[in-house]
Amino acid sequence: SSNSLKSDARTFFEHENELLRQRRRNEFLTSYEYNTNVTEDNRKAMIAVATSNAAANKEMTRNVIASGYVDSSDEDIKRQATILGDLGIDVLPESDYKELLNAVSLMQSNYATATVCPYNKEGKCTLQLEPHIQERLSDSRDPKELKHYWRQWYDKAGTPMRENFKKYIEMTRKSARLNGYSSYADYWIHFYEDSEFEANLDKVYKAILPLYREIHGYVRYRLRSYYGDEIVPENGNIPMHLLGNMWAQQWDNALPLFTPYPEKPFIDVTSEMLRQNFTVRKLFELGDEFFKSLGMRALPKSFWDLSVLTRPADREIICHASAWDLYQDSDVRIKMCTDVNTHYLYVVHHELGHIQYYLQYEKQPTVFRAAPNPGFHEAVGDVIALSVATPKHLKSIGLSDVGKLDDESRINELFKNALKKIVFLPFAYTMDKYRYAIFRGEVEESKWNCAFWQMRSEFSGVEPPIQRTDADFDPPAKYHIDADVEYLRYFAAHIFQFQFLRALCTKAGQYVKGDPEKSLDNCDIYNSKEAGEAFSKFLSLGASVHWKKALKEFTGETEMDPSALMEYFEPLTKWLQAENQRLKVPIGWGDTDKVAG
Ligand SMILES: C=C(C[SeH])C(=O)N1CCC[C@H]1C(=O)O
Ligand SMILES: [Zn+2]
């Protein structure tokens, strides 16, 4: 009878899911060991466990496909079979698999251990990306110093990785073909379960581009008046080393150079935290308190015992922030090199969002212990960070004395947030538009570097501070390109997080469309059990249902839709259009002349 068949299927998947859970725990434990202690032995141990797991996963996938459950009439069984039937890079023959993991882990190790020489003074070349170089890129206003660190980092973290990157492209291309995908790009895209994904992406990019162009024009205009026109062109690409971030992915660190109303008091959270002797632990406790105030999961004791929250003095670690699900007994951890400042206050909340998601779906079968759309996982923490950063919330936790902003201060705040959330979109779009083109063989290898900078210019209107050629190879200077981490998840997250914010703020009674007292940019969902309940319900589903079904229950929407983001920034959009007209700011940019060919 269908019941017995179902029980056979259920028994089958319960067994496979339990074995998969054990394999994942073993794999992530050895990977965590390597990430928190970068040695050759740990790197090899990680590759060994991953390789044996790949063989076991191949066996599981063979069983799942042989079972025929992918055609089951039971939606849940069918979904489990479809996901478990998809092998990814584990499909590779063992020797290729080892080569791929070796190439990726060597790029990650290089990124984690690369050091550069100090600018304009003697001293050992031991400066690290986090915190030294990142801090100089954020705080220096000396174009020569900025150019020095830009060039040192790209020459150290990029070009030497060319051969490893080539191997990575070769092996991922082979894995995609063995899985029946036309390219590794299409393997990445299948995780969005949306046949219109690329079309929707372009639609969203075009929807936000007008606002981005206004921001770009205004920033270039203000930078020109600060640095002069030998450094900053009137109509061309913005030299990226002036924008406060090594990859020019967010420009908020350079805000003091272009604050709309510089005379207005500004909430400088970093100096206030330092004045109040904030510790790293305090940053995590703030985030933990926030989730608990919503009635959501608290951080378990094991989190505090097993996480690595600051850079250890006695060993190399991979500092790039990451959250870890160790698939047993709520064993969840964060590994990052936290400093006490606004940037890390955001990153802490971003990572705690991943942790909350792991805890919320931990009762799901292993196959469903994931997000149904990669963008969801990257959006959870950001929504909380948006609430934390509001003047209302900062006042409630004693980090600011300004609760409600006047119109001009509000423009300053919205501009600061736009330098993160809007500026980021063309950057994220390019990270994967570029890799898609390489994965699809659309760019000849001798042009891989020039194509990268041409796309950064086309989509963001930024360029390197110095001439780059195809003798350089700059893409691996960005962590995610070393680590085989898909990037459009962050693009999607930057759209979804405003849809989540609008839904949660509505539930919390903090947002009413059209009510200036209840606008999105001053909504604080802290303590709202209604918001927490809706969020928990959404997150606990994991990947058990299609993301459009989960989103519909949560926000009433079924698309990745920028209208919530555009509503949040609407007052700024109006102000910028008027201000750029008043100042006769030229909008738009041309081709970059910093790449040969
Ligand atoms: C904080 C993380 C770890 Se999931 C991160 O990589 N992010 C967060 C925002 C964008 C992206 C980046 O740093 O490039
Ligand atoms: Zn993340």
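This is a predicted model, so every value here is computed, not measured. Counting convention: from 1, in listed order, for ligands and their atoms alike.
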Step through the shown structure and confirm whether more than 12 heavy atoms of other residues, nucleotides or ligands are within 6.0 Å of CZ on Arg25.
yes

Considering the heavy atoms of Glu378, write down every atom of ligand 1 situated less than 4.0 Å from one of them.
4 (Se)

Thr279 OG1 to Glu285 CD distance, which is reported to the nearest 0.5 Å:
6.0 Å

Considering all heavy atoms, the nearest Leu425-Phe491 contact
O-CD1, 3.4 Å

N/O of His320 under 3.5 Å from N/O of ligand 1, yes or no?
yes

N/O donor-acceptor pair under 3.5 Å between Ser31 side chain and Phe28 backbone:
no

Write out the residue and atom name of the closest protein heavy atom to atom 1 (C) of ligand 1, then the distance separating them to 0.1 Å.
Glu351 OE2, 3.1 Å

What atoms in ligand 1 come closer than 4.0 Å to a heavy atom of His354?
4 (Se)

Could you tell me if the ring centre of Phe473 sits under 6.0 Å from that of Phe165?
yes

Does ligand 1 have any atom that is closer than 4.0 Å to a heavy atom of Ala321?
yes

Does the distance from a Lys or Arg side-chain N to an Asp or Glu carboxylate O, for Glu463 and Arg456, drop under 4.0 Å?
no

Minimal heavy-atom distance between Thr366 and Arg24, with the atoms involved, is O-NH1, 3.5 Å

shortest atom 7 (N) of ligand 1-to-protein heavy-atom contact is with Tyr490 CE2, 3.6 Å

Closest heavy-atom pair, Pro372 versus Tyr357, reported as atoms and distance to 0.1 Å, is CD-OH, 3.4 Å

Please say whether His480 places an N or O atom under 3.5 Å from an N or O atom belonging to ligand 1.
yes

Residue His354, metal the Zn ion (ligand 2), N/O/S under 2.8 Å
yes

I need the atoms of ligand 1 closer than 4.0 Å to a non-hydrogen atom of Gln249, numbered in the order shown.
12 (C), 13 (O), 14 (O)

Considering non-hydrogen atoms of the protein only, which is the closest contact for atom 10 (C) of ligand 1, and what is the distance?
Tyr487 OH, 3.6 Å

Could you give me the CA-CA distance, side-chain angles and deciding distance for Tyr111 and His480, then say whether ring-ring contact (aromatic ring centres under 6.0 Å, His included) is met?
CA-CA 10 Å; Tyr111 185 93; His480 300 69; 8.6 Å; no

Are any of the N/O atoms in His350 less than 3.5 Å from those in ligand 1?
no

Check all N, O or S atoms of Glu378 and name the one closest to the Zn ion (ligand 2).
OE1

Atom 9 (C) of ligand 1: the protein heavy-atom neighbour that sits closest, reported with distance to 0.1 Å:
Tyr346 OH, 3.6 Å

